[in-house]
Amino acid sequence: MSRPDDRPLKRLPQLEARKSELERCVFCPKLCRTACPVSNAEPRETLTPWGKMSMAYFVANESVALAPSFADPAWACTGCFGCREHCDHKNDVAGTLFDARSALVESGTAPASAKRVIERFSEKSAVLGKSAAELSVMPEVDESAPTALLLGCAYARSAPEESRDAVRATAQLVGGKVSLVKVCCGAPLLHAGDKKGFLQQGEMLAQAIKHKELLVVIDAGCASTLRVHHASNGVDMTVPVEHFAECAARELGRMKRVPGLGDGPVRYHDACQLGRGLGVYEQPRALLSLALGRAPEEFDRRRADARCSGAGGLLPVTMPDVSKTIAKARVDEHEANGGGTVVTACASSLRTFRKQGAKAVDLVTVVARALGVGSKGDG
Ligand code: SF4
Ligand code: SF4
């Protein structure tokens with residue numbers, strides 16, 4: 001029997017497929033409310049997972065106006081999956097809000113900052129091709145190699161040393177050369193609200209690697225975009241897709257302890273997309289333990305309960321102050337737990353931690369040094 005107030009999502013019919021996820025939240029006593037980094041940083045009811053899902057639902061079924069005050073909360077999400085861990089239904093809030101963003105963009109109501117990301121996507125994502133051209137002089141790079149390596153736009157743009165470490169380390173791990181992927185996974189389009197463009201980007205990437213045997217992905221965000229978001233929308237990469245940590249952890253026997261690395265505390269930050277996104281918790285810890293000669297230090301909030309760095313889901317663009325508050329909370333937690341070096345496997349987290357003044361090192365740099373091919377010291 002349908003409920004008396006059960007109404008079709010007439011204004012945003014694209015969200016009919018997400019109606020059950022939306023209704024789970026709308027009729028929920030908000031069990032996950034303490035899990036959301038956004039509403040913890042800016043305590044407003046509309047920014048809780050419940051609030052964001054409810055606003056999208058009520059816009060869709062015409063209970064409220066199609067206005068920025070009701071639409072914009074859909075962009076107040078880092079896509080961290082934190083709420084899902086606290087939800088008895090394991091409700092897919094992040095994926096539903098990304099779909100809501102797309103439906104709202106199509107309806108003409110979206111934050112100007114998100115629209116700009118869509119408009120400038122081609123120009124911005126060209127950084128991958130530019131970086132690939134620069135790195136192509138490295139002896140480890142060969143277009144015809146069977147292993148494809150996707151650095152990700154954020155590494156290509158802001159982490160040149162880590163990009164070189166990634167090339168050298170991956171070539172060592174696969175025992176050959178690597179071919180650099182020049183096509184973006186489309187995550188900025190997913191996060192901004194251009195789902196059609198996002199899916200087209202996935203198809204283009206699948207085409208670009210269809211003759212390869214393996215795709216190794218450096219950025220946790222790109223890996224999760226391919227294996228979670230593209231896969232759930234039916235876009236198949238056709239070749240195995242591995243995050244760098246998964247690939248490296250199979251070759252632990254070839255690595256050595258890194259002198260000096262473990263002289264002070266070295267704490268591992270579970271990037272949301274690698275941990276909650278892909279369930280990869282053990283491999284980075286095994287790699288770090290080997291490089292340090294002991295287990296790494298841990299945050300109080302770790303693994304599935306790890307706090308977000310605030311750098312995902314386009315939050316630094318749509319809500320920069322909230323993003324900074326979230327990043328500061330994670331760095332403060334690092335300091336309160338003893339400080340030292342923080343290691344992660346996500347270019348956005350790496351950048352945001354460094355901006356907050358933390359000493360942050362990427363896992364690729366640690367592994368490259370453990371393999372004897374690292375480009376520099378400890379960052
Ligand atoms: S994600 Fe789960 S716990 Fe959170 S509001 Fe939605 S249904 Fe409730
Ligand atoms: S995915 Fe993360 S940021 Fe988004 S609503 Fe859930 S807890 Fe909040």
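Order of appearance sets the numbers: ligands from 1, and atoms from 1 within every ligand. Positions are given from 1 along the sequence. Heavy atoms only: backbone and side chains are in, while hydrogens, waters and symmetry mates are out.
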Distance check, rounded to the nearest 0.5 Å: [X] atom [atom1] versus [Y] atom [atom2]?
X	Y	atom1	atom2	value
M204	C185	CE	SG	12.0 Å
L104	M55	CG	CE	12.5 Å
E16	L22	CD	CG	9.5 Å

Give me the residue, atom name and distance of the protein heavy atom closest to [atom].
atom	result
atom 6 (Fe) of ligand 1	C25 SG, 2.3 Å
atom 8 (Fe) of ligand 1	C28 SG, 2.2 Å
atom 5 (S) of ligand 2	K52 NZ, 3.5 Å
atom 2 (Fe) of ligand 1	C87 SG, 2.3 Å
atom 4 (Fe) of ligand 1	C32 SG, 2.3 Å

State, yes or no, whether a side-chain contact exists between [X] and [Y] at a heavy-atom distance under 4.5 Å.
X	Y	result
T352	K324	no
D270	R285	yes
L278	R227	yes

* Structure fact -> Near L31 (heavy-atom distance under 4.0 Å), the atoms of ligand 1 are 3 (S)
* Can a non-hydrogen atom of R24 be found less than 4.0 Å from any atom of ligand 1? -> yes
* Asked: Are F353 and H269 an aromatic pair by the rule of ring centers under 6.0 Å?
  -> yes
* So F81 and H229, would you call those rings parallel, tilted or perpendicular, with 30° and 60° as cut-offs? -> parallel
* Asked: So what's near atom 2 (Fe) of ligand 2, protein N, O or S atoms under 2.8 Å?
  -> C80 SG
* Can you name the nearest heavy-atom pair linking P320 to P316, along with the distance? -> CB-O, 3.3 Å
